[in-house]
Amino acid sequence: MTTDQILLLGSIAVPAFVSIILFSGLGRSESFVKNLALVGFGFPFIAGIVLFLNFDGSKGGYCFEIFHPRMGLQELKITFHLGLNGVSSPLFAMAGVVGLAAGLTAIHSGADRLRLFLALLLTMQAGLMGLFASVDLFFYYLFHEFALIPTFIMIGLWGGRDRRSIALEITIYLTLGALISLGGLVALNVMVDAEKFDFPSLSSALSQFALAESTQFKIFGLLLFGFGILVALFPFHTWAAKGYECAPTSVSMLHAGVLKKFGLYGLIQIAAPLLPEGALAWSPYLLWLALGNIIFVGAVAIAQKNLKSMVGYGSVMHMGYCFLGIAVCSSLGAGSGVMLMVAHGLSVSLMFLLSTYVYKRSGTFEMDEMGGLGTKTPILACFFVAASLATIGLPGFGNFWGEFGVFLSLGQNPDHHFFLYLAALGIIISAIFGLRAVARIFYGGSSDELLEHEKKNPITDLSFSEILPAGVILSALLFLGLWPRGISDRIDQEINSRYSQLSSEQSMSLPPCCLLDKGDLENNQSLSIPLEKIPSSKPSAEK
Amino acid sequence: METETVVFSLLLLPFLSALVTLLCFRKLGNIASLLSVATSGGILVFSLFLIFNGENEVFSWQTTWLRMSNWELGFGFLIDAPARLLLFVVSFVGFLIHIFSLGYMADDGAKARYFGGLSVFMFSMIGITIADNLIMIFVFWELVGFSSYLLIAHYFTTEEAAQASKKAFIVNRVGDFGFLIGIVLTYWTAGTVNLVELADLVDFDPTIVSTVLGLALACGFIGKSAQFPLHIWLPDAMAGPTPVSALIHAATMVAAGIYLLVRIDFMFTEQVLAFFGILGAGMGLYAGFCALVQRDIKKILAYSTLSQLGYMTAAFGLGMPGIALFHLMTHAFFKALMFLGSGSVIHACHHEQDIFKYGGLRKKMPVTALTFLVGVLAISGVNFLSGYFSKDAILLTAYNTNMPIFLILYVGAILTALYMFRLYFITFEGESRSESASSAHENGALMTGPLILLAILSIFGGYHSLFPLAIVEPLLPDIELVAAMPNHMWMIVLGTFAWVVGGITARNLYGRVGEADPLEQKTPVFFALCQSKLFFDQIYGFYVQRIQDPCARFFEVMELLFISGLMVRGSAGVAGLLALIGKAFYVGKIHSYSFWFVAGTIGFLAYAAGVFGN
Amino acid sequence: MESITPQHFLFLAFLLFGVGFLGVVLRRNLLLVLMSLELMLNGVNIALVSFSRTSLNLDGSLFVFFIMTVAAAEVAVGLALLVALYKKRQSVFSEDISLLKN
Amino acid sequence: MNIVDLLFYFFATLSVGGGVLMVASRHPVSAAMFMIISLVSVAALFVLLEAFFLAILQVLVYGGAVMVLFLFIIMLLDVGPEGGKVSRIKMLSGLAGCLSVGILIILLLQFSGIGEASLENWQPIQDSEEVVGDSLIFSTSLKNFGYGLFTKYMLPIQVAGFLLLAAMVGVIVLSKNANMEKEN
Amino acid sequence: MEAFLNFSNSNIWSEIWPEIVLAVGAILILGIDLFRKNGSSSSAGILAIILQATLLVVHLVDYLVWHHTFDRDTFSGMLQQGIQGDVMRSFFLLSSLLVSILGHQYLKGKKLRAGEFHHLTMLATAGLMLLVQSNHFLMLFVALETVAVCFYTLVAYNRNSAKSLEAGMKYLIFGALSSSMLLFGIVLLYGVAANPEVWGASYDNFAGQDPLGFQYLGNLLEANPDHLLLRAGVVLIIAGIAFKIGAAPFQIWVPDVYHGSPMPITAFLAVSSKAAGFFILVNLVNGPFLGMADFLLPLFGFVATFTIFFGNLAACAQRNLKRMLGLSGVAHAGYLLVAVMASMHFAGDSDRAIWVLFFYLFVYLFASFSVFGVMGLARLEDDTEHEFSHYEDLAKKHPWMGFVLVSGIGSLAGIPPFAGFVAKLLLITVAYQANLYFSLAAMVIGVAISIYYYFGWIREITFHPKPSFSDEDSEKTKDLWLQVTQVGVFRFCMLSLAIISIVLGLWQGPFGDAF
């Protein structure tokens with residue numbers, strides 16, 4: 001085993017092991033618990049970053065593979081198979097970053113029964129790291145469940161208002177989603193006669209015996225709606241805002257930031273490449289639903305007066321872009337979707353973190369009862385403005401590239417132009433609610449309620465332990481925004497090979513410049529063939 | 001020195017300055033301000049180096065920024081003639097305004113934030129200037145919007161600034177929405193967004209461009225340059241500090257829209273150009289009327305900016321991008337001058353902005369008054385001042401090519417003189433009409449120095465031959481075209497007539513005023529009409545309050561009612577109802593249970609007998 | 001036995017079975033319910049014996065023997081239960097024996 | 001119609017009639033009496049079918065043991081006729097019961113008409129035949145009966161023994177005095 | 001005489017040695033109990049536990065080490081023995097061992113006599129073991145009735161409680177009703193099988209065949225899948241078995257009987273009785289009834305769907321936990337019916353689905369006994385009235401009980417780390433392979449609904465009932481729970497059940513690749 005493989009395995013095993021220690025009740029002192037938990041969150045972070053940097057996508061496929069054929073159900077061809085590829089390694093690193101931030105927040109949250117809280121959160125972290133590291137589809141699902149179940153418990157135990165009923169509702173809703181997607185995965189397992197139940201085997205099996213289009217349509221539909229419920233696809237999104245509003249901050253961060261990417265990851269990495277015809281057949285419907293996310297949920301977000309539910313709806317809204325990226329069925333769309341997933345994971349967890357900071361100072365999430373916090377907490381205001389602008393897709397933050405790429409991919413096919421126009425409206429909608437929140441919370445004068453609250457609880461600016469998690473996430477976002485190539489190259493390499501089937505059908509609509517050599521343009525006198533006559537099948541990838 | 005090193009330094013200097021300010025000097029306003037001013041000085045030096053070093057050649061440099069599937073985005077620079085001009089304007093005016101800010105913001109509590117914001121602005125503005133592709137322009141375009149947002153919200157504790165900053169950003173986003181779509185469409189029709197390649201491609205195959213594409217791209221310009229119908233944010237943006245208004249909302253950022261048009265002028269069809277002509281002329285006239293009745297000194301200047309931007313647009317629409325740039329340059333000088341002058345006045349009068357509360361300031365602030373007068377004369381088109389050359393070039397072009405546009409522009413010119421002289425007379429002449437005005441006195445050299453420099457430029461800025469060729473190179477072809485046009489004499493007469501009429505009318509009307517506006521007393525209906533600004537603010541207010549927010553609430557209700565209610569709760573309710581029915585079967589009596597067995601047996605046997613059609 | 005066919009016996013068996021079922025469904029007296037159950041078993045017995053006879057196969061008749069054993073055992077347990085219940089509830093009517101319900 | 005037919009119809013009517021009367025009678029004792037009539041007529045039908053041993057068993061086990069047990073319990077508990085007035089709900093549920101069981105019976109009777117039995121004459125019983133293989137031949141003699149039980153059905157018969165044991169233990173458990181257990 | 005000898009020689013009693021040992025042991029326990037007139041009856045319990053544990057181990061060693069895996073007919077075709085029967089035998093032995101352990105604890109608490117209890121439990125288990133191996137309808141009937149008679153008494157075992165007696169009465173009446181239906185079904189099959197010509201069934205080679213044996217009936221049904229009388233017989237038999245497994249529309253007795261029975265017997269009913277029913281059903285539909293698969297599948301589909309929905313929906317509204325578990329058991333029966341359907345679909349390769357069924361049953365056993373075991377520890381006034389509120393904060397008061405209970409519920413609900421998830425996964429897989437999409441959809445919806453009540457219970461156990469910022473008076477409520485720390489064996493058993501649930505969820509071992 002190389003160091004990298006140990007890191008990969010450790011990023012799952014260390015948090016899991018720490019959480020077992022915490023569950024078992026060893027070590028009484030609080031500082032021991034906190035330090036141990038820090039180790040549990042720190043290791044995946046370091047592993048994520050190191051593996052991200054060490055990742056070498058030039059060969060394509062998976063790196064740092066760990067394979068164990070005897071672990072898992074032989075019957076269903078399930079094997080234990082870990083590894084990272086171009087799509088999963090950025091997400092893996094993102095999970096590490098958000099996990100550390102959430103962990104730091106939890107450690108300093110002062111929740112009662114902190115040991116249990118940290119233990120559950122670490123279980124979740126282990127699941128999240130495992131999710132993105134799994135090559136085998138069953139373990140991918142299993143790790144997701146490992147991350148999902150602590151969420152319910154944590155919402156139920158440490159949640160806000162109505163936590164018990166909301167925990168129940170979310171549990172039922174998400175279990176339904178998880179079951180449907182499990183059904184889809186099982187269908188894939190059954191229908192494809194592959195050697196193993198992981199992506200490479202499935203795709204090589206499918207390349208020999210492709211499934212019929214109707215079968216693909218059904219399986220993709222199952223996966224789409226199953227994953228869709230988990231990702232809060234319109235109109236199955238109502239659990240999200242409610243749940244995030246109620247959940248403790250660290251849980252909201254991990255769930256909205258990382259866990260929710262499970263479904264999108266599944267669609268981009270597995271469903272669409274394996275079932276290209278199914279994806280194409282579903283694409284028109286998915287486009288409409290994604291539009292529902294952007295326009296409908298966006299409008300709902302505008303109407304919110306509660307900060308946390310606004311953030312919740314906002315995050316649901318931005319999921320619509322990722323779905324659009326999937327719906328266009330091109331490598332550009334999917335790749336941009338992945339970039340957006342990474343950036344969105346960071347930005348939305350930052351938003352949840354900051355709204356809790358605001359809550360700590362103002363004692364409320366109602367935006368009407370705040371105002372003028374900017375003078376009292378300039379650093380918080382600074383972070384909040386940055387996070388809001390990141391969320392609404394300001395260039396310089398990672399979200400912009402994802403969104404822009406999605407828009408660009410929508411432009412490729414003239415049939416999608418209608419969706420391009422409406423989806424682009426989202427940049428206005430998100431600006432409206434994002435800036436409105438900033439204005440209501442930080443600008444203007446303080447409301448009477450806030451002044452009243454301030455008398456009892458003096459408002460202080462962010463402390464170092466609060467800046468640290470926010471700073472970690474924000475710098476990651478800035479890195480993505482300023483040097484998008486850092487992740488786009490990896491994603492591109494992987495996605496291009498996965499989506500080769502899909503994009504071959506769309507090369508017709510490639511722009512003329514891609515079909516021309518640059519040299520021809522410069523001395524265009526020598527070019528005597530009219531543009532129309534250039535054969536349209538000439539592939540673009542051969543640059 | 002390698003050119004690309006210089007370009008990178010030029011771009012990164014303000015960025016680093018902003019970053020350092022953010023991280024280290026948040027609480028040390030003085031250091032931050034000095035850093036920022038030094039930065040702007042550095043920018044000026046680098047810019048001049050670039051302008052004069054390039055031997056008038058086009059410099060371009062490129063690297064891959066992002067590669068995704070078949071989309072490859074370069075991060076590159078293109079420093080050609082228009083870029084040099086704008087680089088000069090931005091760095092020079094920017095530098096002066098930085099210096100002015102030192103005085104103006106001397107006792108502000110949040111100097112660090114202010115100067116940090118200025119640095120961000122310089123960074124993004126330079127980015128727009130030297131970007132070599134549309135997506136990069138878009139990136140910096142948005143960043144400029146962000147810095148504008150940041151600086152408008154400088155006095156964020158006031159409700160006005162909070163709303164204005166939000167409005168500016170959102171309205172700009174509306175424009176960017178179209179711009180974005182335009183870029184996407186451009187990419188998929190042309191296959192590139194690189195300006196040079198695009199130009200070559202259009203040259204090679206003119207069918208690529210279309211009216212729709214042009215209009216979509218123009219949306220960005222409309223938003224940023226505050227043209228109809230997205231002009232509403234600019235007057236509100238005056239809530240920011242005055243130097244910011246001078247720099248961003250008068251001299252540079254709003255002009256970036258025109259610059260964008262110039263950069264992609266090959267993308268516009270005849271129809272789009274005609275549209276620009278009408279749009280610009282209309283804006284010139286409309287903003288003039290609005291400026292005529294304003295009481296806030298900065299708002300008058302803001303509307304005047306709108307009007308002058310209209311002139312530039314019209315010039316571009318008439319097919320004279322060089323002239324538009326020319327006016328951009330002169331306008332940058334005199335409008336910055338006037339804004340800074342107004343800043344000087346405001347600063348002296350303890351942030352009083354109502355012109356009817358001023359009066360008689362000429363004696364108390366002679367330098368400011370004099371330089372301001374230069375600005376007024378320049379913008380009114382007084383002969384042989386800078387504004388005269390650029391504006392008359394526009395009018396002459398219009399006269400020779402498009403009579404209706406000329407007529408509109410000409411009325412606008414008279415109006416310009418009228419409201420500018422009105423501003424001058426009410427502010428500087430007559431008696432002091434308030435406590436703050438009477439106690440005003442001249443500001444220090446940090447503030448008057450830039451005024452004087454700008455005044456000199458406002459006087460001589462129109463003589464393009466005075467400038468080094470490297471700067472004015474892009475103007476020359478169009479200026480020569482205009483010079484070759486007929487009716488020069490006739491235009492001199494008409495031009496002189498315009499400013500004389502405006503000036504005399506203003507003298508008569510406003511020479512001696514009280515607290516009330518004499519125009520309101522004489523023609524109340526006309527005044528009210530002008531004051532209403534054709535109800536645009538009301539329309540937007542109506543849209544927000546009566547359409548957008550109710551819509552959002554409606555969607556929220558729909559969500560609660562149908563999705564969360566009917567779909568989720570409803571299915572839960574149905575399940576609950578069924579559960580209760582299921583529970584109701586359990587009455588505990590044996591004979592009622594035995595009915596299930598009867599029913600089951602009947603059902604099974606019936607199935608066996610084929611009753612259900614098997 | 002000339003005109004009597006196995007159908008006749010089957011018919012009779014069904015009738016007895018049905019009548020027994022009717023008793024189970026209708027009667028509230030648990031004693032009578034138990035009796036009705038016996039009646040149902042009797043119906044089964046008739047059918048069995050007639051089948052056994054028509055096919056000259058002894059298995060059916062042997063089966064009857066077992067059914068009788070089972071019936072007796074069931075009745076014994078049932079009546080013991082009934083007596084115990086009666087001691088608790090002073091009733092053998094099914095509407096009185098309905099503690100277990102929602 | 002010969003005498004056998006007549007006997008069949010007679011006993012068939014008697015057994016079904018007894019059953020119906022049993023179900024309909026209000027007093028448990030009279031119900032038990034009707035039940036005995038029904039059971040004995042079933043025994044008679046067994047005789048018609050030449051299953052003499054089973055007929056005797058029927059009378060002994062059912063008529064003798066089971067029904068006596070029933071009567072004992074009826075006496076012991078001193079159960080009276082089913083109570084009081086017939087309420088509307090009871091009427092309705094009774095009606096529904098009759099109706100549904102009626103449907104059930106009709107449905108069942110449908111099945112009995114199946115196949116158009118081709119049996120013209122009942123085959124005579126060959127008592128003397130030796131038992132061969134797994135199939136046991138119908139016989140009136142006890143010998144064959146015992147033979148079947150103790151060869152082929154050896155295991156079931158043992159299990160049936162345990163069944164009776166279980167029933168016995170069950171009855172003991174259920175009828176032991178509760179208080180005595182408490183003392184233990 | 002020669003024939004007699006032939007028959008006798010085929011009766012190799014050693015083939016059913018576990019059953020014999022159990023039956024003899026049962027009599028032994030009864031005898032010991034008789035002689036110990038008033039002593040504490042715990043010795044009977046301990047004896048039963050030791051006996052069954054030893055038997056279980058020996059039996060496992062017997063068939064796992066000595067590999068009696070071939071299928072064989074014994075007792076002149078009464079039984080068919082083989083690997084599946086052996087697995088089910090160990091299933092019943094394990095289950096009855098656990099019932100004895102639970103019962104031991106229970107009887108001590110209730111001060112009830114132990115001898116008869118263990119006697120009947122062991123007899124019932126012996127009966128169940130014969131039941132699943134029977135290859136002949138007469139054997140099936142007799143074994144079934146033996147089990148039933150034992151159960152009638154066991155359900156009413158707590159004769160001090162009117163509820164227990166009432167449950168016994170209800171179980172008896174409906175049991176008798178359903179067994180007469182089953183019987184009638186058997187008789188109809190027999191009637192046609194013994195003389196096919198009379199009933200217009202086409203089968204000529206019937207001489208010398210056993211008309212109640214499975215093989216012959218299988219051939220007959222395959223030849224006459226449209227014969228109405230045969231169909232009536234088949235559906236009546238299925239109706240009788242549907243009662244046993246608690247499938248709709250014969251599910252109505254389930255909650256009442258579960259409600260009134262003593263806790264160990266509830267578990268026994270839920271696990272063993274149901275498992276036996278399912279195994280018979282699988283045996284029948286893959287043996288004699290296979291020829292009618294096309295006829296039966298729609299019926300099963302309807303029954304499974306109805307069962308799933310009825311069980312889950314009715315369970316949602318329950319406040320009484322025993323009733324709720326009963327109804328959830330109904331829902332589980334529905335899921336298992338899907339596996340039964342899948343096994344019919346595979347015609348010829350039905351083993352896959354059957355092994356899935358086995359795995360599910362084992363998982364269900366572990367989970368149910370965890371749940372009922374912990375529930376049996378509650379010291380309630382009336383031990384049938386378990387409500388959600390009794391379980392408030394159990395995990396905090398008694399972590400190990402909370403752990404066992406949550407693992408049991410989690411496994412029943414099919415939450416991933418627990419074995420129930422893998423069982424459901426396998427079930428979904430075989431259902432998908434058999435193209436049972438409609439039932440699959442019903443199953444998925446049903447599982448989602450079931451989360452409501454399972455999670456509601458887990459919520460009570462783990463989530464602090466009051467908001468975390470105002471937790472006073474949690475000590476005020478009396479602790480309902482026995483301190484069973486001193487009962488090491490019991491605690492050990494419970495914990496190992498929970499751990500097995502988790503281990504099976506992560507590593508399926510022989511089940512993973514046995515089939």
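None of these values were measured; they are calculated from a predicted model. Every chain is numbered from 1, with letters handed out A, B, ... down the list of sequences. No hydrogens, no waters, no symmetry mates; every other heavy atom, side chains included, goes into these values.
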> How many angstroms lie between atom OH of Y593(B) and atom OG of S98(C), to the nearest 0.5 angstrom?
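Rounded to the nearest 0.5 Å, the OH-OG separation comes to 8.5 Å.
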
> Please list all pairs passing the side chain to side chain donor-acceptor pair (under 3.5 Å) test where one or both residues lie in residues 137-147 of chain B, with sequence neighbours left out.
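Applying side chain to side chain donor-acceptor pair (under 3.5 Å) to every pair that reaches into residues 137-147 of chain B, excluding sequence neighbours, yields W141(B)-D176(B), E142(B)-R173(B).
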
> With a 6.0 Å cut-off (strictly less than), is the heavy-atom count around CD of E160(B), excluding the residue itself, greater than 12?
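Open: at most 12 neighbouring heavy atoms sit under 6.0 Å from CD of E160(B).
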
> Would you say F66(C) has more than 12 foreign heavy atoms packed within less than 6.0 Å of its CZ?
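More than 12 within 6.0 Å, yes.
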
> Sort S592(B) into side chain, backbone, both or neither according to what part of it lies under 4.5 angstrom from a heavy atom of chain C.
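Neither part; nothing is under 4.5 Å.
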
> Find the distance between CG (L30(C)) and NE2 (H591(B)) and round it off to the nearest 0.5 Å.
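Rounded to the nearest 0.5 Å, the CG-NE2 separation comes to 10.0 Å.
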
> Using non-hydrogen atoms only, which part of V587(B) is less than 4.5 Å away from chain C: side chain, backbone, both, or neither?
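Contact with chain C involves the backbone of V587(B) alone.
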
> Between F21(C) and T601(B), does a side-chain contact (heavy atoms from CB on, under 4.5 Å) hold up when you go through it step by step?
CA-CA 11 Å; F21(C) 216 133; T601(B) 319; 4.0 Å; yes

> About how many Å separate NZ of K589(B) and CG of L100(C), when rounded to the nearest 0.5 Å?
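One gets 12.5 Å once the value is rounded to the nearest 0.5 Å.
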
